[in-house]
Every structure is written in structure tokens, then in C-alpha cells.
Trainee: 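A single structure is presented below for examination.
Chain letters run A, B, ... following the sequence lines, proteins first, then strands; residues in each count from 1. Just so you know, these numbers come straight off a predicted model, no measurement behind them. Just the heavy atoms: all of them, side chains too, but no hydrogens, waters or symmetry mates, feed the values below.
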Protein chains: 2
Amino acid sequence: MKLTEAKQQFISSWGAFGTHWGINRTMAQIHALLLVSPEPLTQDDIMEELTISRGNTNMNIRELINWGLVDRVLISGERKEFFSAEKDIWKVVKQIVKERKKRELEPMLQLLDKLEAVEGDKKDKEVKTFVDTISGIKKLGKQADKTLDTMIRAEESWFVGALMKVFK
Amino acid sequence: MKLTEAKQQFISSWGAFGTHWGINRTMAQIHALLLVSPEPLTQDDIMEELTISRGNTNMNIRELINWGLVDRVLISGERKEFFSAEKDIWKVVKQIVKERKKRELEPMLQLLDKLEAVEGDKKDKEVKTFVDTISGIKKLGKQADKTLDTMIRAEESWFVGALMKVFK
DNA sequence: ATATATTTTCAATAATTTTTGAAATTTCGG
DNA sequence: CCGAAATTTCAAAAATTATTGAAAATATAT
């Protein structure tokens, strides 16, 4: 397979992959494109490569920057802004985990705390099932939260080695 | 907070949560409803509780069954079918991990194998960056694959205890 | 067997999300 | 400062995804 074709397949698959994870196709494609680009790209480069509009490009680049996956790069002597993606995949994963934890897991845990304190007699089957379910989710969620915290602080080399000793 | 209100909030949040994970709102809401129901429910119960159409209910229940999260339950003396959700959250998580691994991670790893074998001189910066990126993703992906396999086989009690010793 | 209850399907419709493109704003060299 | 280049915004349009509801298929009681 030629590089051009391989690149296109990667970008397109990464985009499809993203949609299963609540990330929009274009954002994932821009990320993929930057991941495989040796040099930082401009907005125009990205527009052209992916044949998408200026507005769309701009919004999704900004979103990638919010997620901490892409950086603005200044190139001296150039007026335009350049963008580049973090290439270390372990850092990328940690960054995504960090953001999703903050945006999704933590608010969910807060809600569960409130819901667990529902009024009513625990001898009532309805109440008991509700409280038990919420408690179960909360327990696992809290555990996941702690585990992810540690993972975010971990080095890849350490992670890969040590984890396999536990999960044996 | 009263049970009715708490239940509604849980169902609605679980639905919103689902959309961040590529699961449609209704499917997640039906799942949430079944999770907090002490007894199995019929399609009509679900339709009424969530005020959604028969077709929608039917399709999403079927999808939940495909995911292995909901079971058909036969109740003797009843003509209608009843549905109930697995209440053990650890089992639920393992089931979801198992399915997503099969549906997403494994196909992605297969693609990466193909893409890594791209033609071209590795001294070419374009080629080198591409291959390095793909290799990096593949390496982490393969590792994740193995780790998830072990997790799928694990007991919760073991998982919760042992994992915290590593991630300390 | 037949009638009736129940489940499933799927084309049409509705809702939501994404994308466009042109106008407004900002940035920066001269 | 001025003017051109670059970036950002956002209302409208397009594309995608979810939902409805009625008809078809299936299952079951009598």
C-alpha cells in the first residue's frame, strides 16, 4: 500500500472510530491528520487535505486544543498559525482520560451521591433496588476514579510492565 | 428527594451519559429503567414509563439483548414477554468491555497491522512519521487488548483489591 | 383452525448534529 | 494608523441519526 492511500485509510478509520466514542468525525480526522504529519500544518493545509470548510476546520481545531490534544505552534517568519498534535500516544490517552474523567465521571459520581440519599423505607422493594443499584454503580465508579488518577500520573513504561504482572 | 424524582433523574442522566459513549439516549434510558426495577418489565411498561413508541422500545430492547445487558424473562401464566437487566454492575462493565473490544479495538488493530506495512523509504520523513505513529498506537492498543482480556476474566473483589496495590 | 394478543419491521417523519460560507473581528507588517 | 491577511463567529442548509406508527408477521389460547 502506498503512503497516500494508507494515510487516507487511517484518517477515515480514525474518524469512524471517533464517532463510537462521542467525538465527531471531523475532529477525529483532523487529529489523525496531525498525528501522521511530520511538520505542523496550517488551517489551509487541513482544509485542503480533508476538503472541509474553513469554519468547520477552525471550530474543530479549537476543540482539539481545548482537549489538550493539539497545540498552536509559532513558526518564525510565518504569519499564519500552525498546529501540531502530541505524538506520544500514551500522553494522548492520558490526556483523553483526564478530560473525560473531569467532564463525565466526576459529575456522574456527584449525582449518584445525591440519588443514593433518596427518601423512603429500604424495606420497600422499589426503594431497595434503586438504592442498591445506585450504590453499586457508585462503588465501581469511585474505584475507577481512583484508578484513573493513578494511571494519569503513571509513566507508560511502568504501566505496561507493572499492569501485566497484576493482570496475569 | 422522592423515589419517583430520583428514578427520573437517574434515567435521564444515564441517557445523557450514554450519548457521550456512542450509545443512543433511548437505549441507555431503557437500560437505566431496568436497572432500578425490582421486577422484570414488559414492553408496554417501558413504553409507558419513558413515553416512547412501541417500535422504538422494541428496537432498543433488542439492541440491549444483543449487547448482553438485558435478558428476556418468561413469567409463567403471562402471555407477554418480560425483560430484566443484569444488576451486578461489575458484570455489566465486563460485558460492555467485551463487546466494544470485539467491535472496535480488534478491527482497529487489524487495520493498523496493514497500515504499518506501508511501502516507502523510512528515511523519508513522511513515511517515518506515519509508521512511527501507527506503531505507537498499535503497541498501546495491543497492550490494552491483553489487559482487557484479563479484566474480563477477573472477579470484581479481586480487581478492586489487587489493582489498588499496583496503582498506589 | 380461528381469533386475538403480541412482537417485529420499516418507510416516512422528526429531531439532532454537523457543515458551510460569508460577514465580522482580530492580528500584524509596513 | 492603514490595509491586507488571517481567524472567528454563527445563522442557514445539509447530513445524519432517532423515532413514530401502522402494517405485517408471529405466537398462543380456546
Trainee: Looking at side-chain heavy atoms only, is the closest gap between B/K101 and B/D149 below 4.5 Å?
Mentor: yes

Trainee: Can you measure B/K80 atom NZ to D/dA29 atom C1' for me and round it to whole angstrom units?
Mentor: 16 Å

Trainee: Does B/R72 or A/S53 map to a spot on DNA chain C nearer the 5' end, using the closest nucleotide for each?
Mentor: B/R72

Trainee: Starting at CE of B/M27 and ending at P of D/dT19, how long is that distance when rounded to a whole Å?
Mentor: 12 Å

Trainee: Check this for me: does the side-chain of A/R79 come within 3.5 Å of the base of D/dA6 through a donor and an acceptor?
Mentor: no

Trainee: Quick one: B/L50 CG to D/dT19 C1', roughly how many Å, whole number?
Mentor: 13 Å

Trainee: Between C/dT8, C/dC10, C/dT19, which nucleotide has the shortest distance from any of its atoms to the side chain of B/E81?
Mentor: C/dT8

Trainee: If each of A/E78 and A/N60 is mapped to the nucleotide of DNA chain C with the nearest heavy atom, which maps nearer the 5' terminus, i.e. the 5' end?
Mentor: A/N60

Trainee: Any heavy-atom pair between the side chains of B/L35 and B/H31 that's under 4.5 Å?
Mentor: yes

Trainee: Looking at B/E106, I'd like to know if its CD atom is crowded, meaning that more than 12 non-hydrogen atoms belonging to other residues, nucleotides or ligands lie closer than 6.0 Å.
Mentor: yes

Trainee: How many Å lie between CD1 on B/I30 and P on D/dA18, as a whole number?
Mentor: 13 Å

Trainee: Give a yes or no on whether a salt bridge exists between B/R54 and B/D44, defined as a side-chain N under 4.0 angstrom from a carboxylate O.
Mentor: yes

Trainee: Using whole Å, report how far CG of A/N24 lies from P of D/dT17.
Mentor: 11 Å

Trainee: In whole Å, I'd like the distance from the CG atom of B/N56 to the P atom of D/dA22.
Mentor: 15 Å

Trainee: Which part of the nucleic acid, if any, lies within contact of B/Q43, taking any heavy atom under 4.0 Å across all strands shown: a base, the sugar-phosphate backbone alone, or nothing?
Mentor: base

Trainee: Distance check needed: C/dT6 C1' versus B/I46 CD1, whole Å only.
Mentor: 14 Å

Trainee: Using a heavy-atom cut-off of 4.0 Å across all strands, would you classify A/T26 as base, sugar-phosphate, or nothing?
Mentor: sugar-phosphate

Trainee: For A/N58, which contact category applies under a 4.0 Å heavy-atom criterion: base, sugar-phosphate, or nothing?
Mentor: base

Trainee: Within a 6.0 Å radius of atom NZ on A/K87, are there more than 12 heavy atoms belonging to other residues, nucleotides or ligands?
Mentor: yes

Trainee: Just to be sure I understand the rule, does B/R54 reach a base, reach only the sugar-phosphate, or reach nothing, if contact means heavy atoms closer than 4.0 Å?
Mentor: base

Trainee: Just the rounded figure in Å: distance from C1' of D/dT19 to CE of B/M47.
Mentor: 12 Å

